[in-house]
There are 2 protein chains.
Amino acid sequence: MKNHQPTIIDIAKELGISKSTVSRALTGHPNISKETQKRVLELAKKLDYQKNTLALSLVKHQSFSLGAVVPELIAPFFSLAITGAQEVTSRAGYTLFICQSNESYLTEVANVKALAERQIDGIITSLSKETTDIEHLRNIQRKGIPLVMFNRVSADLEVSKVVVNDREGAFQAVEHLILAGYKRIAHLAGPKNLLISQNRLNGYLDALRTYNFPIEDELITSYDLSKGQARVALMRLLDLPQVPDAIFCINDPTAIEVMQILKVRGIKIPDDIALVGFSDDPASSLIEPSLTTVAQPIIEMGQVAAQLLLDQIQGDAEKFVPETKVLKTKLIVRRSSVKGGI
Amino acid sequence: MKNHQPTIIDIAKELGISKSTVSRALTGHPNISKETQKRVLELAKKLDYQKNTLALSLVKHQSFSLGAVVPELIAPFFSLAITGAQEVTSRAGYTLFICQSNESYLTEVANVKALAERQIDGIITSLSKETTDIEHLRNIQRKGIPLVMFNRVSADLEVSKVVVNDREGAFQAVEHLILAGYKRIAHLAGPKNLLISQNRLNGYLDALRTYNFPIEDELITSYDLSKGQARVALMRLLDLPQVPDAIFCINDPTAIEVMQILKVRGIKIPDDIALVGFSDDPASSLIEPSLTTVAQPIIEMGQVAAQLLLDQIQGDAEKFVPETKVLKTKLIVRRSSVKGGI
DNA sequence: CTGTTAGCGCTTTCAT
DNA sequence: ATGAAAGCGCTAACAG
């Protein structure tokens, strides 16, 4: 079934020259006569010759391929970040191979392994929600493969990272609710193992403390980010003797899920309960009422992560020092948190 | 900067055996003593040996990698389809490398080339909106690289394809509008070069004819699917002496964009103008009013496309015959097209 | 300017 | 059961 693809040897034979000469002609090496080069190029075109990058990579110990491992592409956050990353990498002549962990630790490990086996030159990743053991990434690091994390990063890894000021962003979101007059503000948090969950929770706590609000454990409830599971956490809040009048959600998909449930139950937003999300997903401005949220520069995160990776790859490994870039969030106030209307 | 990764030669030397033996031990070849194998495996583990898949691919003329080239991951349609495809390919031991054309013809060509140079074993693709020249895919085919198209397929290529019954789906959507009492039904179509645009347009025409509705050219307007450009096409419709009372849109993102514009202008949906989309994107059930749409089995499309590709790769090239699978759509009636409410 | 040689990491005959 | 040798497609010294 394998019909032979033309190689430089085929070209060399047909032209009666050596394969090195063909190689030189093809790569644009200076030491080659215009004449020979022309003949090679013409024949290559005629045979529809296509270089075998694998062989090249084997020789060069470089594949000019990068890998990206993200939880899931269906989430706008990740597909946008990837788009930003790809922009930067492709401009630099690298191909970015995208893998989804599907929020599964085991798949994440498998993805990382598959990429490493294919000798990719670097990896950019955001952890699956299940990941606590980061041995697979340590491994990558130990092998000297550049690694950059973004969004869901690990505190235990000394690598370059790109994050936003989650804590401040969360603070601003909750402060906004407080200033808007809400009194009993709940937090629907993410899995405790994720740093972003912790940071956003801390931002929430900071705001309450700053404004002398009591901190009540029953108002803080977390869930594992599984589609459809926000409902369970939400119910805990709704079943409270004193129901909250505002909920700050870990991210937009969560807030949107909550909004749907509240609407079905006839609970008015923002009059009965106000809602704030995090990320500014496209859907957030579409839904009714539109969702107040903490916007992140998503595409930029991807771009910066990719740039850090390229810098590390192209730089001197000896003097490389991991760097953490913290991008700025921006509170976007919409109707889900403003009683009188906006 | 390249710190040497352990190879089978390193293992062989350290154990005082030949690299062939190491290879056999590692691949589980029958002709090897349990004893030797055990020693090899242990040392491999200790050195954290990782096979170099590139070298293997070079020898085997097979990379166990597949490529996917899609317009953009931010569109739920494509990220879901890819998810379905990845499910199938990874179960079969293949890694799926995902590339975005960003709806650009040139990027699509570059993606396809990059994948081919990396010796991927097959490609699954959906055309960019700009693509009319399919020479790059013909090329792939000529080289004997299996190719499967889905969704945005080309009529001029003899390859396996996965589509839905776009024409019937569109017919049902428009029939629904007719039966719901709408009299002046417009169609906001996609680029004319895309087969799906043509098919959906034909479904629209079929329905009008079936119910003896006049076909008016001014009610049919197309645009290039660029974000934000639906507005222009919509304006042509709104500026008509007799404004339509219903619009069947080429897809959900378009319908959603239209809905936003109509709402801002104070046009009531569905009372002044009814709206129907195509795809059942997640946002369609979130927006207000919820969007009537023609649902496609998106994940299944990806799965089927991947399966067709694997079948072709693993099957006998001589007796391969391209196959077109047509999956079924399903009309989902929501509030954007039902006057009395639902 | 061009050819020769070696080698990237691995599998696979063919011997032994 | 193991080793030696050839080779996948390409680049990179080293000669000339």
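Any value given below was found using the heavy atoms of this structure, including those in side chains, with hydrogens, waters and symmetry copies removed. Chain letters run A, B, ... following the sequence lines, proteins first, then strands; residues in each count from 1.
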Discussion item. So for atom CD, which belongs to B/Q314, do other residues, nucleotides or ligands contribute more than 12 heavy atoms lying within a distance under 6.0 Å?
Written reply: yes
Worksheet item: Is it the case that more than 12 heavy atoms not belonging to A/K51 sit under 6.0 Å from its NZ atom?
Response: no
Worksheet entry | Aromatic plane relationship, B/Y94 with B/F64 - under 30° parallel, 30 to 60° tilted, over 60° perpendicular | tilted
Fill in: A/K60 side-chain N/O to D/dA12 phosphate OP1/OP2 under 4.0 Å
yes
Worksheet item: Side-chain N or O of B/S18 less than 4.0 angstrom from OP1 or OP2 on D/dT2?
Response: no
Between [Y] and [X], does any NZ, NE, NH1 or NH2 come within less than 4.0 Å of an OD or OE carboxylate oxygen?
{"X": "A/E158", "Y": "A/R138", "value": "no"}
{"X": "B/D48", "Y": "A/K143", "value": "yes"}
{"X": "B/E108", "Y": "B/K129", "value": "no"}
{"X": "B/R91", "Y": "B/E87", "value": "yes"}

[X] [atom1] - [N] [atom2] separation (whole Å):
{"X": "A/H61", "N": "D/dT11", "atom1": "NE2", "atom2": "C1'", "value": "11 Å"}
{"X": "B/K19", "N": "D/dA4", "atom1": "NZ", "atom2": "P", "value": "11 Å"}
{"X": "A/D10", "N": "D/dG9", "atom1": "CG", "atom2": "P", "value": "8 Å"}
{"X": "B/R39", "N": "D/dA1", "atom1": "CZ", "atom2": "P", "value": "16 Å"}
{"X": "B/L15", "N": "D/dT2", "atom1": "CG", "atom2": "P", "value": "11 Å"}
{"X": "B/E117", "N": "D/dT11", "atom1": "CD", "atom2": "P", "value": "11 Å"}
{"X": "B/K38", "N": "D/dA1", "atom1": "NZ", "atom2": "C1'", "value": "18 Å"}
{"X": "A/L26", "N": "D/dC10", "atom1": "CG", "atom2": "P", "value": "8 Å"}

Fill in: Contacts of A/S20 that satisfy side-chain hydrogen bond (donor to acceptor under 3.5 Å, both in side chains) - sequence neighbours left out
none
Worksheet entry | Candidate nucleotides D/dG9, D/dT2, D/dC10, ranked by approach to the side chain of A/Y49 - the nearest | D/dC10
Would you mind classifying the nucleic acid contact of [X] as base, sugar-phosphate or nothing, using non-hydrogen atoms under 4.0 angstrom?
{"X": "A/T36", "result": "sugar-phosphate"}
{"X": "A/I32", "result": "sugar-phosphate"}
{"X": "B/I9", "result": "nothing"}
{"X": "A/I17", "result": "sugar-phosphate"}
{"X": "A/N52", "result": "sugar-phosphate"}

Worksheet item: Reading DNA chain C 5' to 3', which nucleotide is the first, and which the last, to come under 4.0 Å of any heavy atom in chain A?
Response: C/dC1 to C/dG9
Practice prompt. State which residues pass side chain to side chain contact (heavy atoms under 4.5 Å, CB included) with A/Q37; sequence neighbours excluded, sorted by chain then number.
Written response: A/A25, A/I32, A/K34, A/L41
Practice prompt. Mind checking side chain to side chain contact (heavy atoms under 4.5 Å, CB included) for A/V159 and listing every partner two or more places apart, or none if nothing turns up?
Written response: A/Q141, A/L147, A/M149, A/L157, A/K161
Discussion item. Need to verify one output field. Residue with the more 5' nearest nucleotide on DNA chain D, B/P30 or A/L58?
Written reply: B/P30
Discussion item. Any donor-acceptor pair under 3.5 Å linking the side-chain atoms of B/S33 with those of B/T36?
Written reply: yes
Practice prompt. Return the angle between end axes of the helix from C/dC1-D/dG16 to C/dT16-D/dA1, with five pairs used per end and rounding to 10°.
Written response: 40°
Worksheet item: Does some side-chain heavy atom of A/S90 sit less than 4.5 Å from a side-chain heavy atom of A/L96?
Response: no
Please write out each protein N/O paired with an N/O of nucleotides 13-16 of chain D under 3.5 Å, distance rounded to 0.1 Å.
residue, atom, partner, partner atom, Å
D/dA13, N6, A/R24, NH2, 3.1

